[in-house]
Amino acid sequence: DLVRNRRLQRWFAAHREAMYADSYDGLTVPTAEFNAVYILVHAYQHFVMGGIGLRQLMDCHLVLQACAGLPSEQRHEGLHVLRSLGMRRFVQGVMWTELHVFAAAPSVLIDAPNPAEGRFLLSEAMAGGNFGHYDRHSLATKGGSIGYLQRTLRHGLHLLRRYPVPVLWIPL
């Protein structure tokens with residue numbers, strides 16, 4: 001939605017320096033905090049717009065592992081941003097997968113795990129995969145931009161009860 005997008009854009013603008021603050025073997029990389037917010041927002045978009053796979057969840061795991069050593073105020077700021085974007089339920093599902101799929105240490109978690117949401121997220125990842133390529137809810141329609149819109153809407157209807165705000169914005 002427009003309000004949440006504006007919040008995210010403001011956060012990106014305020015953290016522009018963090019996008020290019022660290023380097024690794026001469027390669028410029030974002031800071032761990034910035035990367036954590038970005039990767040979770042990106043995974044959320046995959047999830048809502050067509051499907052998330054274990055690949056995206058593994059990406060989240062690796063980035064969260066890198067954040068485990070950050071000071072708590074940085075970790076809390078990232079969580080605050082994610083909550084302001086209406087992503088708390090999704091983040092709590094990711095935290096559950098961190099513990100139960102990737103066997104992460106509790107120090108990696110940035111929010112409390114939600115078992116119901118985590119199981120739902122994992123079942124969606126296993127059933128649909130990246131961009132929902134294997135999703136039984138959206139495979140019936142193929143072809144072109146109309147087919148893409150139909151698949152995305154069908155997938156959105158499947159998520160409507162849990163994630164109403166982003167799903168209602170899909171057509172726009």
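Just so you know, residue 1 is the first one in the sequence shown, and it goes up from there.
- R75 places no side-chain N or O within 3.5 Å of a backbone atom of L70 that could act as its donor or acceptor partner.
- Applying the side-chain contact (heavy atoms from CB on, under 4.5 Å) criterion to H42, with sequence neighbours excluded, gives Y38, H46.
- The CZ atom of R88 lies 9.0 Å from the CG atom of N114; values are rounded to the nearest 0.5 Å.
- Heavy-atom minimum distance, L121 versus G93: CD2-C, 3.7 Å.
- More than 12 heavy atoms of other residues, nucleotides or ligands shown are found within 6.0 angstrom of CD on E73.
- Residues R89 and E117 come closest through the heavy atom pair NE-OE1, 2.8 Å.
- Put simply, the side chain of V101 does not reach to within 4.5 Å of the side chain of L57, judged on heavy atoms.
- Within the 4.5 Å cutoff, side-chain heavy atoms of V41 are placed close to those of L82.
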Item to check | Derivation of the side chain to side chain contact (heavy atoms under 4.5 Å, CB included) call for L64 and L109 | outcome: CA-CA 7 Å; L64 290 168; L109 305 183; over 6 Å; no

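- In terms of heavy-atom proximity, C60 sits nearest to L40 at SG-CD2, 3.8 Å.
- With contacts defined as side-chain heavy-atom distances shorter than 4.5 Å, the pair M126/L54 qualifies.
- Atom CG of L8 sits about 5.5 Å away from atom CG of L85, to the nearest 0.5 Å.
- Side-chain contact between F90 and V94: present, with at least one pair of heavy atoms (C-beta onward) separated by less than 4.5 Å.
- Contact check for F47 versus E124: side-chain heavy atoms found under the 4.5 Å cut-off.
- In terms of heavy-atom proximity, I110 sits nearest to M95 at N-SD, 3.3 Å.
- No side-chain heavy atom of H80 sits less than 4.5 Å from a side-chain heavy atom of W11.
- Put simply, the side chain of L2 does not reach to within 4.5 Å of the side chain of R6, judged on heavy atoms.
- Hydrophobic clustering of Ile, Leu, Val, Met, Phe, Trp and Tyr side chains at less than 4.5 Å, counting indirect connections, keeps V3 apart from V37.
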Next on the checklist: What verdict does the side chain to side chain contact (heavy atoms under 4.5 Å, CB included) test give for R83 and D111, after you've listed the backbone C-alpha separation in whole Å, the side-chain angles of each residue and the deciding distance to 0.1 Å?
Outcome noted: CA-CA 10 Å; R83 285 180 179 173; D111 202 351; 3.2 Å; yes

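- Shown here for A32 and C67, the closest heavy-atom pair between the two residues is O-SG, 3.1 Å.
- Of all heavy-atom pairs between R4 and S84, the closest is CG-O, 4.0 Å.
- For H61 and F102, the ring centers are positioned less than 6.0 Å apart.
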